[in-house]
Amino acid sequence: MKVYQNEFGISSTKRTEVIDITGRVEKIVEKSGVKNGICQIFLTHATAGLILQEAESGLTRDIEKMIQKQFPKGAGYEHDRIDDNADSHLASGFIGQSEIIPIKDGEMMRGTWQSILVLELDGPRNHRRVFVTIIGE
Ligand code: ZN
């Protein structure tokens with residue numbers, strides 16, 4: 001059994017933004033040399049989210065709009081008294097900050113329409129950290 005860990009940084013240009021990281025995670029899986037096991041992707045942030053979803057441009061805009069609708073900014077939240085980003089924390093908490101994908105024969109077992117998407121919820125940010133742990137053999 002092998003444990004391989006690696007990380008990379010991403011930046012965002014908007015307050016709410018969908019960022020496709022599939023290719024970068026695939027490179028880490030390849031580098032790990034693990035043929036069968038699992039890949040966990042984890043964000044070290046409380047105002048970003050992680051989902052598996054189709055990266056079609058219309059759908060990513062729909063996702064951004066849905067987040068803004070479900071978690072409107074400045075809707076009288078208590079945390080806004082100190083930080084003005086309660087909506088970002090709430091969206092991040094409900095969406096989640098990690099995913100696990102099986103690895104089989106050296107490839108992630110993603111469905112055709114399951115891209116790995118980071119949801120920036122409090123951008124723009126210069127450095128969002130994506131931490132990847134691969135366990136297997
Ligand atoms: Zn805050």
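First listed ligand is number 1; within each ligand, the first listed atom is number 1.
Atoms of the protein (N, O or S only) found under 2.8 Å from the Zn ion (ligand 1) are H79 NE2, D83 OD2, N85 OD1, H89 NE2.
Between F71 and Y77, the shortest heavy-atom distance links the atoms C-OH, 3.9 Å. A pairwise comparison of heavy atoms in I135 and M1 identifies CG2-SD, 3.6 Å as the closest pair.
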* To do: Apply side-chain hydrogen bond (donor to acceptor under 3.5 Å, both in side chains) to E54 and S115, showing your working.
  => CA-CA 6 Å; E54 183 176 357; S115 293; over 6 Å; no
* Would you please test R110 and E99 for salt bridge (charged side-chain N to carboxylate O under 4.0 Å, His left out) and show each step? => CA-CA 12 Å; R110 294 186 298 112; E99 292 288 347; over 6 Å; no
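Within the hydrophobic cluster formed by Ile, Leu, Val, Met, Phe, Trp and Tyr side chains joined at under 4.5 Å, directly or through other members, I28 is accompanied by Y4, F8, I10, I19, I21, V25, V29, V34, I41, L43, L50, L52, I101, I103, M108, I116, V118, V130, V132, I134.
Going from atom OG1 of T16 over to atom CD1 of I63 covers 12.0 Å, rounded to the nearest 0.5 Å.
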